[in-house]
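Working notes, structure below.
Chain letters run A, B, ... following the sequence lines, proteins first, then strands; residues in each count from 1. Nothing here was measured: the structure is a model prediction, and the numbers come from that model.
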Protein chains: 2
Amino acid sequence: MLLDQRRDEILQLIERQGFVSLHELVEKLGASESTVRRDLEYLDGIGQVRRTRGGAAYTGEHITPFEERGTASLPQKQRIGRAVADEIESGDTVLLDGGTTTLEVARCLNGKSLQVVTNSLPIANLLVNQPNIELILIGGYLYPRTGVALGPLAAAALTNLRVHRVVMSCGGITEKGLFNSNTLLVDCERQMLDAADEVWVVADSTKFGRTALAHLCSLSTVTRLFTDRGLEERWRRTLEDAGVPVTIVE
Amino acid sequence: MLLDQRRDEILQLIERQGFVSLHELVEKLGASESTVRRDLEYLDGIGQVRRTRGGAAYTGEHITPFEERGTASLPQKQRIGRAVADEIESGDTVLLDGGTTTLEVARCLNGKSLQVVTNSLPIANLLVNQPNIELILIGGYLYPRTGVALGPLAAAALTNLRVHRVVMSCGGITEKGLFNSNTLLVDCERQMLDAADEVWVVADSTKFGRTALAHLCSLSTVTRLFTDRGLEERWRRTLEDAGVPVTIVE
DNA sequence: CATATACCGGTCAAGTTCGGTCAGATCCCG
DNA sequence: CGGGATCTGACCGAACTTGACCGGTATATG
């Protein structure tokens with residue numbers, strides 16, 4: 001296994017579980033103790049995990065590195081993306097948050113006449129040459145890997161904009177609302193919420209019941225939510241009680 | 001197998017899997033290790049993949065193929081880019097204008113520790129995953145084809161920034177100064193000039209004697225100029241008279 | 001409190017991977 | 001057909017990564 005690949009896997013495990021023991025990592029990764037130790041040392045050095053005796057813990061300060069591309073949730077994301085795009089009509093003004101699901105939304109927008117605002121570099125790359133799409137890019141400090149613009153510059157740019165709807169992604173959802181793992185990101189996303197009349201949330205079913213470091217907003221802020229068939233009944237009812245219209249794709 | 005075809009296949013594999021090891025590529029493509037290594041080096045250079053030890057990883061999105069190959073004076077631009085990058089030292093704060101020559105500058109910045117500010121999407125793509133480069137993106141209305149951010153949002157973002165030097169490109173130069181073909185672009189570039197202590201201009205020799213719709217600034221604004229050997233003597237003298245130090249590459 | 005166990009950081013040799021160089025092959029253009 | 005540019009595969013020394021080992025230290029246990 002490649003070095004970076006292994007470290008990404010470590011991050012994912014830690015983000016999912018909050019804590020992993022050294023032995024658990026050795027077993028799951030098939031690497032030696034020394035190697036895992038070195039990886040943790042490195043990841044601790046750049047602030048992505050916090051080392052503890054016998055393992056490592058979550059710090060909350062990292063946006064999930066490029067998602068589990070190979071995993072099963074990609075098809076769901078694609079279907080969600082298609083469903084959201086289908087509901088967006090020509091002439092609309094849409095703000096697209098960063099994230100793999102919103103990227104799938106962007107993929108399905110070709111052909112429509114739209115104003116699109118985004119702080120995501122990958123999305124901007126995708127849409128910059130679409131003839132009928134007027135693209136406004138939110139600038140700021142560019143977060144490596146995920147390529148989203150954050151920080152005061154991004155916040156300032158957003159205060160001058162007003163859009164019809166925002167398509168928002170998140171790291172986790174519970175009855176408390178939406179969560180993301182990075183505080184800078186959440187700050188920026190709050191501005192996005194303020195800038196939009198309607199708040200659409202895209203979240204595949206694996207996001208439910210998961211929290212992360214930073215609370216973004218409560219469910220009452222959400223105008224509409226898109227997810228897949230995997231949504232558990234209890235979460236469907238939670239959303240219903242909160243008055244959030246849910247669209248379940250496929 | 002053709003070169004472009006092979007590189008395309010590499011991109012597809014990486015996009016599908018997120019990671020590929022070098023050996024995997026060697027096997028699947030039937031090319032030698034050296035060749036694959038060179039391909040990855042190239043693809044990393046233009047920001048389409050991220051090289052890691054033993055293989056390469058997905059960066060997020062793949063840019064629509066550039067027109068760069070077609071441009072006439074590419075070798076000159078590359079040499080100019082290299083020369084400018086060589087003069088930029090670790091720790092600097094640099095503002096990079098959009099344009100093919102400044103893109104060549106960006107290509108040569110790997111390894112340096114810098115703060116880079118840019119309004120160019122291609123340059124941002126190139127630098128977003130450079131570990132030692134802190135990248136600040138200027139947002140705004142994204143101009144198709146060239147992928148530079150313009151307009152009031154860009155101008156507003158620039159008023160809040162201060163950089164050591166700006167590396168500026170232009171469409172034409174005469175004794176009257178610098179020209180560009182787009183008034184929106186020129187408005188934004190004026191802000192860039194204001195935001196920088198030093199103004200470095202990159203312009204291959206074909207730019208001299210050409211004007212364009214919009215006048216950007218006079219020669220006296222320029223702190224330093226980089227061009228290639230093709231510079232005619234009379235222009236060299238014009239620059240000298242205007243007090244602009246000229247660096248002629250190669 | 002003494003002892004056993006688990007965990008730590010550092011060192012080392014072996015194995016990989018890297019970047020640069022070189023010569024041959026291929027293509028292009030006059 | 002010849003000369004130049006480009007691409008390719010092979011090779012090599014250097015740099016990096018890895019797993020094993022070891023002595024020391026923190027934690028658990030009796």
Side-chain angles (χ1 to χ4, degrees), chain A residues 1-11 13-14 17 19-57, chain B residues 1-11 13-14 17-58 65-66 68-79 82 85-86 104 107-112 129-132 228-230 250:
Chain A
M1 181 182 302
L2 274 59
L3 184 146
D4 268 30
Q5 194 174 1
R6 197 181 55 234
R7 289 182 181 167
D8 263 355
E9 211 143 317
I10 293 177
L11 284 181
L13 270 167
I14 291 182
Q17 311 181 9
F19 176 87
V20 269
S21 75
L22 198 129
H23 282 296
E24 192 179 344
L25 286 172
V26 167
E27 217 170 286
K28 288 201 171 146
L29 301 172
S32 78
E33 205 180 290
S34 292
T35 302
V36 175
R37 220 184 276 288
R38 270 185 289 247
D39 284 341
L40 293 182
E41 197 176 332
Y42 168 80
L43 291 170
D44 179 81
I46 61 171
Q48 302 243 49
V49 309
R50 192 162 40 82
R51 278 227 62 183
T52 63
R53 191 174 177 82
Chain B
M1 182 181 304
L2 273 61
L3 184 145
D4 281 344
Q5 189 180 352
R6 196 180 55 234
R7 290 182 180 168
D8 238 35
E9 209 144 320
I10 293 177
L11 285 181
L13 269 168
I14 291 183
Q17 311 184 7
F19 281 101
V20 265
S21 74
L22 198 125
H23 282 298
E24 193 178 342
L25 287 172
V26 167
E27 216 170 287
K28 290 204 170 141
L29 301 173
S32 78
E33 203 181 292
S34 292
T35 302
V36 175
R37 221 183 275 287
R38 270 184 289 248
D39 285 341
L40 293 182
E41 198 174 334
Y42 169 79
L43 291 170
D44 179 82
I46 62 170
Q48 303 238 40
V49 309
R50 187 168 50 83
R51 279 220 65 183
T52 65
R53 193 176 178 82
Y58 187 64
F66 267 115
E68 52 169 330
R69 293 214 153 243
T71 57
S73 35
L74 183 61
Q76 280 88 326
K77 291 179 177 184
Q78 285 174 335
R79 276 188 223 106
R82 159 64 54 197
D86 283 349
E104 296 303 327
R107 266 187 232 289
C108 299
L109 291 179
N110 336 17
K112 299 186 192 252
N129 282 318
Q130 293 291 335
N132 297 320
D228 59 85
R229 291 202 94 82
E250 192 221 27

Calculate the interatomic distance between [X] atom [atom1] and [N] atom [atom2]; express it in whole Å.
X	N	atom1	atom2	result
A/Tyr42	D/dT18	OH	P	12 Å
B/Asp39	D/dT8	CG	C1'	10 Å
B/Glu41	C/dT21	CD	C1'	14 Å

*Answer yes or no: side-chain N or O of A/Arg38 and base N or O of D/dG19 forming a donor-acceptor pair under 3.5 Å.*
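Between D/dG19 and A/Arg38, which were checked side chain against base, a qualifying N/O pair under 3.5 Å is present.
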*For the helix from C/dC1-D/dG30 to C/dG30-D/dC1, how many degrees between its two end axes (five pairs per end), to the nearest 10°?*
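Overall, the helix from C/dC1-D/dG30 to C/dG30-D/dC1 bends by 30° from one end axis to the other.
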_Derivation of the side chain to side chain contact (heavy atoms under 4.5 Å, CB included) call for B/Asp39 and B/Leu25_ = CA-CA 10 Å; B/Asp39 285 341; B/Leu25 287 172; over 6 Å; no
*With a 4.5 Å heavy-atom cut-off, do A/Lys28 and A/Val20 have their side chains touching?*
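Heavy-atom side-chain distance check fails, nothing below 4.5 Å.
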Nearest to the side chain of [X], heavy atoms from C-beta on, is which of [options]?
X	options	result
A/Leu22	C/dG20, D/dT18, C/dC8	C/dC8
A/Ser34	D/dT18, D/dT8, D/dA20	D/dA20
A/Arg37	C/dC7, D/dT17, D/dG19	C/dC7
A/Arg53	C/dG19, D/dT17, C/dC7	C/dC7

*Using a heavy-atom cut-off of under 4.0 Å over every strand shown, decide if A/Ser21 touches base, sugar-phosphate, or nothing.*
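It contacts nothing in the nucleic acid.
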*Start with the C-alpha distance between A/Leu3 and B/Thr52, add both sets of side-chain angles, then the distance that settles side chain to side chain contact (heavy atoms under 4.5 Å, CB included), and finish with yes or no.*
CA-CA 8 Å; A/Leu3 184 146; B/Thr52 65; over 6 Å; no
_Pairing residues for A/Asp44 by the side-chain contact (heavy atoms from CB on, under 4.5 Å) criterion, not counting sequence neighbours_ =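 Partners of A/Asp44 by the side-chain contact (heavy atoms from CB on, under 4.5 Å) criterion, ordered by chain and then number, come out as A/Val49, A/Arg51.
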*Roughly how far, to the nearest 0.5 Å, is CD of B/Glu24 from CG of B/Leu29?*
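B/Leu29 atom CG to B/Glu24 atom CD measures 9.5 Å (nearest 0.5 Å).
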*Are any of A/Arg51's side-chain N or O atoms less than 4.0 Å away from OP1 or OP2 of C/dC7?*
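For C/dC7, OP1/OP2 do not have a side-chain N/O of A/Arg51 under 4.0 Å.
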*What residues in residues 23-33 of chain A put a non-hydrogen atom under 4.0 Å from any atom of DNA chain C?*
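By residue number: A/His23.
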